[in-house]
Trainee: 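I'd like to ask you about the structure that follows.
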Amino acid sequence: MRLFDLSGKVAIVTGGNGGIGLGMARGLAEAGAAVAVAGRDAAKNAEAVAELARLGARAIAVAVDVTSEDSCKAMVARTVQELGRCDILINNAGTNIRKRPEEYTLAEWRFILETNLTSAFVCSLAVYPEMKKAGGGKIVNIGSMMSIFGASFTTPYAASKGGIVQMTKAMACAWAQDNIQVNAVLPGWIDTALTRQARAQIPGLHEKVVARTPAGRWGVPDDFAGIAVFLCSPASDFLTGTAIPVDGGYSVQGAA
């Protein structure tokens, strides 16, 4: 269906070498997009690019430090140089440290905010001129269910992901006149390396998540392929400033 066809489009996916980012990159590749996998780990970048190539996609690996403005600008320049343009940005890079609020250092707070929130702002500013020149584009920011509610062990993470939603709304308003749609995706409990650490740190987490999730399971990275294609394709041209939970119903389930 042409509404979901991404042939000829070029996407940058930060943190695209694993987890949710790679699940989204696979979806974009299968819809016809060329993909720049951006991340710090060169070996993981290469593995992801090889996987996308096996799907028939044109893909490149781009080393980036998303906390550096110069590195983000270089990421966009390299993508345009090698793939010809930049139509799509998925701001997926992120991190977390789980502690009670009083246990965080200011350095840890800043590290999480810089990695999760400031990076999305800087990467978006870096792609904006290319998207405006091309006549439009799509930006997808990855928030969290912690954008909706809190948990005792996620103070800076929740602050960063709440900020993602409000930043998304502001950018959507500012850039609509340039035909750039900006939306957010709010993942629930997804089986990734980051949440495997959480299960090791928080007793009973697995059982609690499954019990509360109407779908009856944890999500997997490939659950994000469809939402990525939708938000990056012409099918969503009149959708901007939204924050869409992808959580198997976790955030809407009331008390049992």
Side-chain angles (χ1 to χ4, degrees), residues 11-28 33 35-40 44 48 62 64-67 72 75 88-97 111-127 137-149 151 154 156-172 180-195 197-198 218-233 236 239-248 250-251:
I12 296 173
V13 184
T14 68
N17 57 20
I20 290 169
L22 183 53
M24 289 186 150
R26 281 194 288 260
L28 299 180
V35 181
V37 175
R40 288 179 296 181
K44 285 182 67 178
V62 181
V64 65
D65 174 1
V66 293
T67 66
C72 292
M75 171 188 71
I88 295 162
L89 170 66
I90 296 183
N91 283 310
N92 171 72
T95 192
N96 195 10
I97 301 170
F111 172 68
I112 294 169
L113 267 289
E114 286 287 311
T115 304
N116 294 358
L117 179 58
T118 305
S119 69
F121 175 69
V122 173
C123 289
S124 297
L125 293 187
V127 301
K138 305 281 188 174
I139 297 175
V140 180
N141 298 318
I142 306 304
S144 167
M145 60 187 165
M146 297 301 165
S147 302
I148 304 171
F149 47 74
T154 63
Y157 182 83
S160 70
K161 295 303 187 177
I164 282 284
V165 171
Q166 294 307 111
M167 184 185 74
T168 296
K169 293 176 182 179
M171 285 182 170
I180 298 170
Q181 289 82 52
V182 188
N183 291 288
V185 171
L186 312 183
W189 287 106
I190 312 303
D191 184 19
T192 66
L194 217 62
T195 58
Q197 291 176 7
W218 286 61
V220 296
D222 283 345
D223 287 324
F224 291 82
I227 192 70
V229 172
F230 170 61
L231 290 178
C232 296
S233 70
S236 61
L239 183 73
T240 197
T242 63
I244 303 173
V246 180
D247 62 1
Y250 185 94
S251 59

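Atom set for the values below is all heavy atoms of this structure, side chains included, hydrogens, waters and symmetry mates excluded. The model shown is predicted, which means the values in this text are computed figures rather than measured ones.
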Trainee: Keeping Ser147 on the side-chain end and Lys161 on the backbone end, is there a donor-acceptor pair under 3.5 Å?
Mentor: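 Yes.
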
Trainee: For the residue pair Cys123 and Val66, establish whether any side-chain heavy-atom pair is separated by less than 4.5 Å.
Mentor: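 Cys123 reaches Val66 side chain to side chain.
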
Trainee: Name the one of Ile88, Ile12, Val182 that satisfies side chain to side chain contact (heavy atoms under 4.5 Å, CB included) with Ile139?
Mentor: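 Considering Ile88, Ile12, Val182, a side chain to side chain contact (heavy atoms under 4.5 Å, CB included) with Ile139 is found only for Val182.
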
Trainee: Calculate, to the nearest 0.5 Å, the distance between atoms OG1 and CZ belonging to Thr95 and Phe111 respectively.
Mentor: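 Separation between the atoms: 4.5 Å.
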
Trainee: Report the distance from atom CG of Asn141 to atom NZ of Lys169, rounding to the nearest 0.5 Å.
Mentor: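 The NZ atom of Lys169 is 13.0 Å from CG of Asn141, to the nearest 0.5 Å.
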
Trainee: When you compare the side chain of Ile20 with that of Asn92, does any pair of heavy atoms fall below 4.5 Å?
Mentor: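 SC-SC contact between Asn92 and Ile20 confirmed.
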
Trainee: How close do Gly39 and Asn17 get, counting heavy atoms only, and between which atoms?
Mentor: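 Smallest interatomic distance, heavy atoms only, reads CA-ND2, 4.1 Å.
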
Trainee: Hey, are the side chains of Val13 and Val37 touching, using non-hydrogen atoms and a 4.5 Å cut-off?
Mentor: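 Result no, sub-4.5 Å side-chain heavy-atom pair not found.
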
Trainee: Indicate yes or no for a side-chain donor-acceptor contact from Asp65 to the backbone of Arg40 under 3.5 Å, with no hydrogens or angles considered.
Mentor: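 Not a single qualifying donor-acceptor pair exists.
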
Trainee: Rounded to the nearest 0.5 Å, what separates atom OG in Ser251 from atom CE in Met145?
Mentor: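 Those atoms lie 9.0 Å apart.
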
Trainee: State the CG-OG1 distance between Leu22 and Thr192, to the nearest 0.5 angstrom.
Mentor: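 Rounded to the nearest 0.5 Å, the CG-OG1 separation comes to 12.0 Å.
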
Trainee: Under 3.5 Å, side chain of Asn91 to main-chain N/O of Ser124, donor-acceptor pair present?
Mentor: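 Checked: no pair found.
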
Trainee: Verify whether one side chain among Asn96 and Thr154 offers a donor that lies under 3.5 Å from an acceptor in the other.
Mentor: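 Thr154 and Asn96 do not have a side-chain donor-acceptor pair below 3.5 Å.
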
Trainee: Between Asn116 and Ser160, what is the shortest heavy-atom contact and its length?
Mentor: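 So the two residues come closest at ND2-OG, 3.2 Å.
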
Trainee: Counting N and O atoms only, with roles assigned by atom type, does the side chain of Ser233 sit under 3.5 Å from a partner on the main chain of Phe230, one being a donor and the other an acceptor?
Mentor: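 Side chain of Ser233 to backbone of Phe230, a donor-acceptor pair under 3.5 Å: yes, one is there.
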
Trainee: Side-chain contact, heavy-atom cut-off 4.5 Å: Leu239 with Leu231?
Mentor: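 The answer is yes, as the side chains (C-beta and beyond) meet within the 4.5 Å cut-off.
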
Trainee: Is there a side-chain contact between Gln181 and Ser236, using heavy atoms and a 4.5 Å cut-off?
Mentor: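 The answer is no, as the side chains (C-beta and beyond) never meet within the 4.5 Å cut-off.
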
Trainee: Within the structure provided, determine whether Ile227 and Met24 are in side-chain contact (heavy-atom separation under 4.5 Å).
Mentor: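 Yes. Closest side-chain heavy atoms under 4.5 Å.
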
Trainee: Would you name the heavy atoms of Cys72 and Ala126 that are closest together and state the gap between them?
Mentor: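 Closest heavy-atom pair between Cys72 and Ala126: O-CB, 3.9 Å.
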
Trainee: Using modelled atom types and a 3.5 Å cut-off, is there a donor and acceptor pairing between side-chain atoms of Thr14 and backbone atoms of Ala38?
Mentor: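 Flag not set: sc Thr14 to bb Ala38 has no pair under 3.5 Å.
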
Trainee: Would you name the heavy atoms of Pro221 and Ile190 that are closest together and state the gap between them?
Mentor: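 For Pro221 and Ile190, the tightest heavy-atom pair comes out as N-CG2, 4.1 Å.
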
Trainee: Name the residue from Val185, Leu186, Val246 that meets the side chain to side chain contact (heavy atoms under 4.5 Å, CB included) definition with Ile142.
Mentor: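 Single side chain to side chain contact (heavy atoms under 4.5 Å, CB included) partner of Ile142 among Val185, Leu186, Val246: Val185.
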
Trainee: Considering all heavy atoms of both residues, which atom of Met146 and which atom of Ala151 are nearest to each other, and what is their separation?
Mentor: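 Smallest heavy-atom distance, with atoms named: CE-CB, 3.7 Å.
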
Trainee: If I compare all heavy atoms of Gly16 with all of Ala48, which pair ends up nearest, and what's the gap?
Mentor: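 In this case the closest contact between Gly16 and Ala48 is O-CB, 4.0 Å.
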
Trainee: Return yes if some donor-acceptor pair links the side-chain N/O of Asp247 with the main-chain N/O of Pro187 below 3.5 Å, else return no.
Mentor: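 Pair absent, no side-chain N/O of Asp247 close to backbone of Pro187.
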
Trainee: Hey, does the side chain of Asn183 reach the backbone of Thr242 with a donor-acceptor pair shorter than 3.5 angstrom?
Mentor: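 Pair found, side chain donor or acceptor close to backbone of Thr242.
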
Trainee: Please check: side-chain N/O of Asp191 versus main-chain N/O of Trp218, any donor-acceptor pairing under 3.5 Å?
Mentor: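 Answer holds: no.
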
Trainee: Using 30° and 60° as the class limits, which term best fits the ring planes of Tyr250 and Trp189: parallel, tilted or perpendicular?
Mentor: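 Judged by the thresholds at 30° and 60°, the geometry between Tyr250 and Trp189 is perpendicular.
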
